Amino acid sequence: MDKKIFLYNTLGKKVEEFKTHEEGKVTLYTCGPTVYHFAHIGNLRSYLMEDVLEKFLRYAGYDVKRAMNITDVGHLANDADVGEDKMVAGAKREHKSVMEIAKFYTDAFFADCEKLNIKKPEIVDPATNNIPAYIDLIQKLFDKGFAYLAGGNVYFDTTKLEDYYILTGHTSEDLAVAVRNDVEEDTNKKNKTDFVLWFTKSKFDDQELKWDSPWGYGYPGWHIECSAISMKHLGEYLDIHCGGIDNIFPHHTNEIAQSEAALGHKWCNYWFHVQHLNNKTGKMSKSSGEFLTLSLLIEKGYDPLAYRMFCMQSHYRKPLEFSYETLDNTVFAYKKLKDRVSSLKDEGEVDNNVVEEYRGKFIDALGNDLNTSFAFTVLYDMLKADINDRTKLFLVEDFDKVFSLNLTHFEPVKEVNVDSELEAFVLSQIEARKEAKASKNYALADEIRNTLLEKGIVLKDTKDGTLWEKA
RNA sequence: GGCGGCAUGGCCAAGUGGUAAGGCAGAGGAUUGCAAAUCCUUUAUCCUCGGUUCGAAUCCGGGUGCCGCCUCCA
């Protein structure tokens, strides 16, 4: 950690030097997925950039402890503020039990992550696993006078806080005028911004998942899980809390409210928010617009890692517009980059001075509010520089700890057992073509090349002879 | 209506006061029997108007456009 790292902090709305609560250690919390449907590639953009953040912090020398929840309890079903819990809706749609649905989509989520080389956080904890922790936390809020009971539900009283709007820049007047007209107001609340900590009496009666509590049989409000799960695993002081930008209000605002009310001191120092992925019509979301999943991209023939590179070429705090044109652009760039790396020879000796120089540039780029785009520039500059191939390979492998683009995983051109027959055939064809060329029978030479191409074999004539690869 | 973000060449994108990185595509050249691959060269005054400054893409103010949030969403 000899280099300073700077990150944009939503709390304060500016780029700040990153300092951990405990020297050399980072506690990192991520709002996990709600597992009632597949994640779309916009969701995955957030997790992807958070993965880059985590890997970069490790690269820079921090010991990172990261936790993530899985939301397998109630979220509402649709825009109109009516209907049933989303998990229940998902279960009905697919004729499965709620917990089966949760398991299915949790697995699907992590399968997507794996394809994108997103590391699974070492701590993943489902919301349904932590009911006693929510009850403890809510009890604490009662003891301290922040919670009240109304109409059977437990609410958090936001007026008891000094600065409820710390994350958003709103004022209480703003919301007083603003509230959307399609939302049915909850008359139990003392204040508009108060939120539910525990439901016993819900508009949504067909909740399948309910638990006993001191306030009655019911289920937790949707903010409490993140506070409780984070504190359970990461303690009273959190370094970084990540999430999508649309979680700033109300979810993260309310997390801060309940956490700091319970703890009696500042809870989390840095708030890291990833912007949306848009398409031409606007935000990609679960409830509106095009629902593009990773599986769909794969079906269309895209390498998930090309999507990873697509995201990293842009900045996490900029809205990114998805289009196939731009993705195709990245597909070419990714292939060219890998080809370039694969052509490096394992020659020379690793030059440690050069390594340190470029590692420094790489850390400077990413340490500047995770400037992934510039990190690629460092990579390209390094590949162009006048240094030996082994040093380049070493650095590519090193940078790839953060990029995670499998830049040094080359497809084996020849698989000894499986393709030896094919290899012999191709080599004989190459030899035949060479002879044809030597006798200036170009028609035959081209025919051989075209025939191989139809079989998916691409020939490359180089100074050292003809090479081939499977397209 | 309130709050917030964004606006750089065909596309993506860096840049945080000193005179426009990088990638992809395109063009020209080298190489090739021709191609592909590879290598070299090459393409902008930064949405608009005004201000501050010796000097602004970069700071300030007014527009315009796009996007998000305002208790379902990453």
Side-chain angles (χ1 to χ4, degrees), chain A residues 10 13 15 30-34 37 39-40 42-47 49-50 74-83 85-86 165 168-171 173-180 183 185-186 189 192-196 222-223 242-251 253-254 273-278 280 282-288 309-310 313-315 317-321 323 325-337 339-340 343 365 368 371-381 384 437 440-443 445-446 449-450 453 458-463 467 469:
Chain A
T10 309
K13 295 186 182 56
V15 175
T30 307
C31 288
T34 303
H37 216 309
H40 56 70
N43 299 126
L44 293 169
R45 180 190 184 194
S46 287
Y47 294 107
M49 297 315 289
E50 288 156 8
H75 279 219
L76 305 181
N78 61 36
D79 283 0
D81 200 33
V82 291
D85 179 279
K86 278 183 178 170
Y165 296 98
T168 62
H170 281 105
T171 67
E173 287 77 31
D174 296 339
L175 283 186
V177 208
V179 185
R180 272 192 345 225
V183 172
E185 207 174 319
D186 182 345
K189 290 181 181 182
K192 283 217 142 104
T193 48
D194 290 357
F195 55 93
V196 177
W222 73 282
H223 309 295
C242 335
I245 196 160
D246 57 350
N247 274 157
I248 292 175
F249 191 87
H251 185 229
T253 302
N254 290 347
H273 289 110
V274 180
Q275 262 283 0
H276 285 289
L277 179 75
N278 299 318
K280 293 219 164 41
K283 178 174 73 159
M284 197 174 282
S285 82
K286 279 174 182 157
S287 45
S288 68
M309 182 159 168
F310 170 87
Q313 277 189 319
S314 165
H315 190 82
R317 265 190 315 114
K318 274 193 169 184
L320 178 59
E321 189 176 295
S323 72
E325 187 196 351
T326 310
L327 184 59
D328 287 340
N329 187 321
T330 309
V331 167
F332 286 125
Y334 180 52
K335 184 179 184 313
K336 262 181 110 157
L337 180 60
D339 281 352
R340 190 159 174 179
S343 72
N368 180 15
N371 195 334
T372 43
S373 175
F374 197 72
F376 276 106
T377 298
V378 174
L379 173 66
Y380 281 109
D381 283 350
K384 258 189 297 196
K437 280 169 72 175
K440 298 207 190 295
N441 186 350
Y442 296 124
D446 288 352
R449 184 172 62 199
N450 290 334
L453 192 60
V458 180
L459 298 185
K460 292 181 179 181
D461 291 331
T462 72
K463 286 194 184 76
L467 301 176
E469 65 178 21

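Scope of the values below: all heavy atoms of this structure, side chains included, with no hydrogens, waters or symmetry mates. Because the structure is predicted, anything quoted here is derived from the model rather than measured. Just so it is clear: chains get the letters A, B, ... in the order the sequence lines come, proteins before strands, and each one is counted from 1.
Residue A:K440 is out of contact with every strand shown, counting any heavy-atom pair closer than 4.0 Å. A:G42 comes within 4.0 angstrom of a base, heavy atoms only. Across all strands shown, A:F195 has no heavy atoms under 4.0 Å from either base or sugar-phosphate atoms. Within the 4.0 angstrom heavy-atom criterion, only backbone atoms of the sugar-phosphate kind lie near A:H315; the bases stay farther away. Here A:R449 lies in heavy-atom contact (under 4.0 Å) with a base. A:D339 comes within 4.0 angstrom of no nucleic acid atom, judged by non-hydrogen atoms across all strands. Across all strands, A:S314 comes closer than 4.0 Å only to sugar-phosphate atoms, never to a base (heavy-atom distances). If you check every strand for non-hydrogen atoms under 4.0 Å, A:L337 touches nothing.
Remark: A:Y47 OH to A:C242 SG distance equals 10.0 Å, nearest 0.5 Å. One finds the CD atom of A:E50 at 11.0 Å from the CG atom of A:L44 (value rounded to the nearest 0.5 Å).
When side chains are defined from C-beta on, A:Q275 counts as touching A:R45, because their heavy atoms get closer than 4.5 Å. Taking 4.5 Å as the limit, every side-chain heavy atom of A:H40 sits out of range of all side-chain heavy atoms of A:L277. No side-chain heavy atom of A:Y334 sits under 4.5 Å from any side-chain heavy atom of A:Q313. A:L337 is listed as a side-chain neighbour of A:L379, based on a closest heavy-atom distance under 4.5 Å. Using a 4.5 Å cut-off on side-chain heavy atoms (C-beta onward), A:K384 and A:R340 make contact.
Here A:N450 does not reach the OP1 or OP2 of B:A35: none of its side-chain N or O atoms lies under 4.0 Å away. Considering only side-chain N and O atoms, A:K335 lies nowhere under 4.0 angstrom from the phosphate OP1 or OP2 of B:C24. One finds a side-chain N or O of A:N368 lying less than 4.0 angstrom from the OP1 or OP2 phosphate oxygen of B:G15. Between A:K13 and B:G5, a side-chain N or O to OP1/OP2 separation shorter than 4.0 Å is absent. Listed pair A:K318 / B:A7 meets the phosphate criterion, a side-chain N or O lying under 4.0 Å from OP1 or OP2.
Spacing between B:A27 and B:C66 at atom P, rounded to whole Å, works out to 34 Å. Between B:A13 and B:A25, the distance separating the two C1' atoms is 14 Å to the nearest Å. For the C1' atoms, the distance from B:A30 to B:G65 is 46 Å, rounded to whole Å. Taking the C1' atom of each, B:U19 and B:U58 are spaced 12 Å apart, rounded to whole Å. Atom name P, nucleotides B:G10 and B:C3: the rounded distance is 35 Å, in whole Å. Spacing between B:G61 and B:U52 at atom C1', rounded to whole Å, works out to 11 Å. Between the C1' atoms of B:U45 and B:A57, the separation comes to 8 Å (whole Å). B:U42 and B:U48 have their P atoms separated by 27 Å, given to the nearest Å.
In this structure, A:N254 places its CG atom 14 Å from C1' of B:C72, rounding to the nearest Å. Protein atom NZ of A:K336 is 12 Å distant from nucleotide atom P of B:A36, rounded to whole Å. When rounded to the nearest whole Å, the span between CD of A:Q313 and P of B:A25 equals 12 Å.
A stacking contact between A:F374 and B:A14 is absent: the pair does not combine a ring-centre distance of less than 5.5 Å to the base's six-membered ring with planes differing by less than 30°.
Using Watson-Crick or G-U wobble geometry with both donor-acceptor distances under 3.5 Å, B:C69 finds its partner in B:G2. In a base pair of the Watson-Crick type (N1 to N3 plus N6-O4 or O6-N4) or a G-U wobble (N1-O2 and O6-N3), with each distance short of 3.5 Å, B:G61 is matched with B:C49. Base pairing analysis places B:A36 opposite nothing; no Watson-Crick or G-U wobble pair with both distances below 3.5 Å involves it. Across all strands shown, B:A56 forms no Watson-Crick or G-U wobble pair with both key distances under 3.5 Å. Base-pair partner of B:A27: B:U41 (Watson-Crick or G-U wobble, both distances under 3.5 Å).
One donor-acceptor pair, N or O on each side, does fall under 3.5 Å between the base of B:C11 and the side chain of A:N329. Counting distance only, with no hydrogens placed and no angle test, the side-chain atoms of A:D381 and the base atoms of B:G22 include no donor-acceptor pair under 3.5 Å.
The side-chain hydrogen bond (donor to acceptor under 3.5 Å, both in side chains) test applied to A:D328 returns A:Y302, not counting sequence neighbours.
Checking B:G33, B:C67, B:U38 against every side-chain atom of A:N278, the shortest atom distance belongs to B:C67. Minimum atom distance to the side chain of A:S373 is reached by B:A21, of the listed B:G23, B:C70, B:A21. Nearest to the side-chain atoms of A:T326 among the listed nucleotides B:C11, B:C67, B:G22 stands B:C11.
The number of heavy-atom neighbours closer than 6.0 Å to CZ of A:F332, taken from other residues, nucleotides and ligands shown, is 12 or below.
Nearer to the 5' terminus of RNA chain B, by closest-nucleotide assignment, is the contact made by A:T330 (compared with the other of A:K437 and A:T330). Heavy-atom nearest nucleotides on RNA chain B were determined for A:E50 and for A:T377, and the one closer to the 5' end corresponds to A:T377.
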I'd like a list of close polar pairs between nucleotides 40-46 of chain B and the protein, N/O only, cut-off under 3.5 Å.
none

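Here A:D339 does not pair with A:K336 in a salt bridge; the nearest charged N to carboxylate O distance is not below 4.0 Å.
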